[in-house]
There are 2 protein chains.
Amino acid sequence: MATTRGPYAKGVAKREEILTAALEVIARNGYRKTSTRELAAAVGLSEAGLLHYFGSKEKLFEAVLRARDEADTSRLSAEPDAIAKLSAIVRHNTDVPGLVQLYSTFSAEAGDPQHRAHEYFVERYQRLRETLAESVQTRQAAGAVSTAANPEKIATMLIALSDGLQVQSQFRLDAEPAEVLDHLLALLRPE
Amino acid sequence: MATTRGPYAKGVAKREEILTAALEVIARNGYRKTSTRELAAAVGLSEAGLLHYFGSKEKLFEAVLRARDEADTSRLSAEPDAIAKLSAIVRHNTDVPGLVQLYSTFSAEAGDPQHRAHEYFVERYQRLRETLAESVQTRQAAGAVSTAANPEKIATMLIALSDGLQVQSQFRLDAEPAEVLDHLLALLRPE
DNA sequence: GTCTATACCAAGATAGAC
DNA sequence: GTCTATCTTGGTATAGAC
């Protein structure tokens with residue numbers, strides 16, 4: 001029975017380096033145009049060396065998305081309101097179109113239950129929906145959102161809207177995604 | 001200088017056949033899992049033969065999406081209201097997840113201005129935005145939508161919401177996309 | 001210092017677009 | 001058939017637990 005020893009210090013560092021480099025390269029080149037070859041070259045590894053760490057390109061990209069989630073979370077840890085946090089992330093994403101493209105392409109592909117990252121998105125959406133629904137309720141209690149609104153449906157709506165706006169904004173959209181999001185929030189105020 | 005003669009009747013028929021077959025195969029297998037090889041086999045052509053008609057895989061998929069747009073339009077030609085039409089399409093799309101996946105994956109990838117289908121989406125979104133904005137104005141005049149709503153922003157919102165909901169609905173979403181869309185429309189009513 | 005899982009590479013199998 | 005991309009196979013070198 002082979003005992004598992006876990007990654008060496010060197011491996012841990014290399015993983016970090018790969019994720020950081022991948023985030024940059026993808027943010028610049030987008031998803032489809034980023035090959036494992038290019039990624040491997042960017043961190044001074046062979047392709048096989050790169051895949052040793054992540055197993056497959058899809059797993060690597062899933063790890064990149066998780067890393068981005070974590071970066072967003074820690075950057076916005078001071079913001080307790082989930083809706084404000086979502087809005088800030090949407091604003092920030094204007095600067096990293098490649099990552100937005102990775103996210104939207106990957107989420108679309110992962111709709112297939114067979115897809116490696118399917119569960120990642122199931123969990124991510126569920127978690128987001130819960131925290132946003134709470135935020136809606138808090139705002140309702142504070143009188144900032146009409147009580148006619150259904151918190152779960154508004155949460156689902158806010159996520160769909162963010163995702164959809166970010167895709168649409170890549171095609172000569174006049175309005176900024178965050179503006180449209182804010183317009184919805186304004187309209188949800190009790191009259 | 002060669003005169004352009006255009007496709008022969010046989011070619012036109014074959015094109016139709018390819019699009020119909022591609023629609024079926026994609027609806028079943030999704031986008032990424034559908035290869036030109038498989039598509040060629042499904043219509044009894046070699047790969048080269050298939051590509052003769054559409055030039056590239058991307059062009060073929062763009063043609064599939066245009067064919068779907070046309071099918072939707074003619075199926076719903078009796079419905080004059082763009083918002084009602086959008087809602088009906090969203091409902092209908094529940095039955096064709098593969099196509100929804102093709103659409104969402106393709107639109108995400110086409111965010112890159114270099115992408116072949118970039119212009120297709122630019123035009124599609126623009127057209128949709130215009131007709132939806134008109135529909136919002138009509139509803140405002142009829143008292144069904146609050147005049148506080150900005151027609152262009154609501155139009156953008158409705159599109160983003162439809163797109164985003166359809167992606168999200170592939171991941172164990174409790175609510176139906178059309179329900180959430182209806183909830184928004186209900187909340188947009190003047191109080 | 002021994003041992004073996006981890007870190008990595010060269011070459012090639014496989015498959016897809018064209 | 002050609003080119004390009006992912007991923008496998010089979011290997012060597014090294015980190016680090018004991």
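All values derive from a computational prediction rather than experimental measurement. In what follows, every chain begins at residue 1, and chains take the letters A, B, ... in the order their sequences are listed.
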Q) With B:Ala110, which residues qualify under side chain to side chain contact (heavy atoms under 4.5 Å, CB included), at least two apart? A) A:Phe171, B:His115, B:Ala117, B:Phe121
**Q.** Pairing residues for B:Ala40 by the side chain to side chain contact (heavy atoms under 4.5 Å, CB included) criterion, not counting sequence neighbours
**A.** B:Glu47, B:Leu50
Q | Residues in side chain to side chain contact (heavy atoms under 4.5 Å, CB included) contact with B:Ser135, at least two apart in sequence or another chain | A | B:Asp81, B:Ala82, B:Ile83, B:Arg139
(Q) Output the rounded distance in Å from OH (A:Tyr8) to P (D:dA15). (A) 9 Å
Q: Give the B/S/- string for nucleotides 9-18 of chain C, one per nucleotide from 5' to 3', where a protein heavy atom under 4.0 Å of the base yields B, of only the sugar-phosphate yields S, and otherwise -.
A: BB-----BBB
Q: Linking directly or through intermediates, with side-chain heavy atoms under 4.5 Å: list the remaining ILVMFWY members grouped with A:Val100, chain and number order.
A: none
Q: Would you list the pairs meeting salt bridge (charged side-chain N to carboxylate O under 4.0 Å, His left out) in which at least one residue belongs to residues 96-109 of chain A, sequence neighbours left out?
A: A:Arg32-A:Glu109, A:Glu109-B:Arg32
Q: Please list residues of residues 16-24 of chain B whose heavy atoms come under 4.0 Å from any atom in DNA chain C, ordered by number; otherwise none.
A: none
Q. Who else is in B:Leu76's hydrophobic cluster (ILVMFWY, side-chain heavy atoms under 4.5 Å, direct or via others)?
A. B:Ile89
(Q) Any carboxylate oxygen within less than 4.0 angstrom of a Lys/Arg side-chain nitrogen, looking at A:Arg66 and A:Glu62? (A) yes
Q | Pairs meeting criterion ring-ring contact (aromatic ring centres under 6.0 Å, His included) with involvement of residues 27-58 of chain B, two or more places apart | A | B:Tyr31-B:Phe61, B:Tyr31-B:Phe106
**Q.** Rounded interatomic separation in angstrom, taking CZ from A:Phe54 and P from C:dT6
**A.** 15 Å
Please list, one pair per line, the donor and acceptor atoms closer than 3.5 Å that link side chains of residues 174-187 of chain A to other protein atoms, with sequence neighbours excluded.
{"from": "A:Asp182", "atom 1": "OD2", "to": "A:Arg91", "atom 2": "NH2", "distance (Å)": "3.0"}
{"from": "A:His183", "atom 1": "NE2", "to": "B:Asn150", "atom 2": "N", "distance (Å)": "2.9"}

Q | Distance, rounded to the nearest Å, where A:Arg32 contributes CZ and D:dA5 contributes C1' | A | 11 Å
Q) Between atom CG in A:Leu39 and atom C1' in D:dT6, what is the gap in whole Å? A) 13 Å
Q. Looking at DNA chain D, which of residues 101-110 of chain B put a heavy atom within less than 4.0 Å of it?
A. none
Q) What residues, two or more places apart in sequence or in another chain, satisfy side chain to side chain contact (heavy atoms under 4.5 Å, CB included) together with A:Glu123? A) A:Glu119
